Amino acid sequence: MSVPPSSEASAARPGDSTVIASDAVQVVVDDTAESTLAQRIELFFYRHRDKLVWIHATFFVGFLALILGPLFFPDPEGLATPFDDFVLFAKYVLWGVWFPLTLLSVIVSGRSWCGLMCPMGAASEWANKRGFQRPIPRWMRWEGTPIVSFLLVTILGQTLGVRDHPEAMAEIFGGTMAAAILVGLIWGHNKRAWCRHLCPIGLLLGVFSRLGAVQFTPKRKKLGGDRYTTHGICPTMIDVVHKEESRHCIECFRCVKPDSPGALKVRLRVPGEEVAQIRNHHPILSEVWFFFLGIGIAMGGFLWLVLPFYQDLRHRVGTWFIENGWYWIGEAGPWWLMSVHPERREVFNWLDFMMICGFMIGVMALLTAVLAATTLFGAWIAGRFGGAGTLVRRFTELAYQYMPVALISLVIGLGGELFSLLEVFGLGSGAISGIKAGLFGLSLLWSLYLGDQILKGQGVTGYGRPLAAAPGLLGSLVVALGWWPALFGL
Ligand code: SF4
Ligand code: SF4
């Protein structure tokens, strides 16, 4: 459900020197110091955009080497390190460098990974130019499609043991690459239907790019809110003159023309600005559900590995099945659905499969309920103190307060190898825990600040603001509690 743009859509924003608004068009004249740097960036990529193909091709070859190469090497010896073993090297590059750093990079440069480097999106578009170019079907355009795609890939990654087994890594990443090419081959007309509608990584980066310091904004913006179009220049179907949100912009620089008054321009902004002013940037309920569910599923994927409670539960459920004569529960399933690696002494059976899926979904549902309840309570309080809009609208806007906490949770939880790499530089486990806790603490403060700014934008006054922000603090603390084992161990 989309929240309609607010009447403040034509209001000036920090960094805009002059805003001239008529009924239908807003002209933004920006001559601030940051704009000089932005213009240089813009000019550089405008001039060299045609060379991006070489970067995409290089990353394509490198990516294939990382996901398929380990299949041809023996398992690492006991004392092997990423510096002398290719299997470990590939694992650390993907999970310790690429995943967490790409996620963190959105704060600095938005979805620059997508537009400038990603080989999957480029391959999908390349296939699209040579493919059937069928119209994009309605089921694909449903806002829930990438959410389902993200949840399925995350759960499958856990049941396959994607961090530990090269075969699983090849299946998940190779499968994603094949799907991107296939979708490009069939649907869209010179577009990236995969990137806009299906890619689980793109969804993640897109949501958090709202926190980013880079924005592509129309020089002459048409008012009326964000629109979807399959006819324009934008490969992700943004109607560029109406563009208000960063979510779907992959930063391909195609709409940027420094001399054209009708083009888009690069604008640098304070990280978090779009979230603080979310009511002017197309807040949407499906996105909120995504990051609530996303934090939950990531936490579930981490906790089943470390909590003794999970092992107890597994034992009890397994005993119940055996006592009732359901012996098939102890049989191993197919290799493409779960980890079956007797040579590495890891074979999941149907009990493991069901328990991992059930546990992850249970944690996801629980955390989503907590975050939704705290947000709803905060939105209700905001309404009591003059907050504008309906309860659903205030709920949708206020939910964005959790974005910094959600981002750092994913980096700490799913990108844990980044921190274990620090051991190579001599840092002990105490120092590493301190860094993680420091990062989480900063994200919590940032979330609190954004919550306060969102409430301010809603017109909440006086002590109503800290009161309405308090449930958000509670929600963030629950997230912190869930990640406690990742931050400090058990
Ligand atoms: S949306 Fe996905 S496939 Fe497309 S460029 Fe981004 S990460 Fe790559
Ligand atoms: S808005 Fe412009 S930079 Fe962003 S994806 Fe569309 S064409 Fe590329």
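What you see is a predicted model; the values in this text were computed from it and never measured. All ligand and atom numbering here is 1-based and tracks the order in the structure.
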Please tell me whether [X] and [Y] form a close aromatic pair, meaning their ring centres lie under 6.0 Å apart.
X    : Y    : result
F290 : F150 : yes
F348 : W335 : no
H48  : F253 : no
F291 : Y400 : yes

query = What do the steps show when you test H242 against K221 for side-chain contact (heavy atoms from CB on, under 4.5 Å), and what is the final call?
reply = CA-CA 6 Å; H242 283 101; K221 182 170 143 190; over 6 Å; no

Quick one: nearest non-hydrogen protein atom to [atom], plus distance?
atom                    : value
atom 8 (Fe) of ligand 2 : C252 SG, 2.3 Å
atom 5 (S) of ligand 2  : I250 N, 3.4 Å
atom 4 (Fe) of ligand 2 : C249 SG, 2.4 Å
atom 6 (Fe) of ligand 2 : C234 SG, 2.4 Å
atom 2 (Fe) of ligand 2 : C255 SG, 2.2 Å

For [X], atoms of ligand 1 separated by under 4.0 Å from a heavy atom:
X    : result
W194 : 3 (S)
C195 : 1 (S), 3 (S), 4 (Fe), 5 (S)
C199 : 1 (S), 2 (Fe), 3 (S), 7 (S)
G121 : 3 (S), 4 (Fe), 5 (S), 8 (Fe)
R192 : 5 (S)

ask   = Is R210 paired with E287 through a side-chain N to carboxylate O contact shorter than 4.0 Å?
value = yes

key: G110 versus S209, closest heavy-atom pair with distance   = CA-CB, 4.1 Å

Does [X] make a cation-pi contact with [Y] (under 6.0 Å, within 45 degrees of the axis)?
X    : Y    : answer
R163 : W95  : yes
R49  : F45  : no
K436 : F419 : yes

query = Is the shortest distance from a heavy atom of R111 to ligand 1 less than 4.0 Å?
reply = yes

ask   = Which atoms of ligand 2 are found less than 4.0 Å from any heavy atom of F216?
value = 3 (S)

task = Specify whether an N/O/S atom of C118 falls short of 2.8 Å from atom 4 (Fe) of ligand 1.
result = no

query = Can you tell me if an N/O/S atom from C114 lies under 2.8 Å from atom 2 (Fe) of ligand 1?
reply = no

message = Using a 4.0 Å heavy-atom cut-off, which part of T236 comes near ligand 2: side chain, backbone, both, or neither?
response = side chain

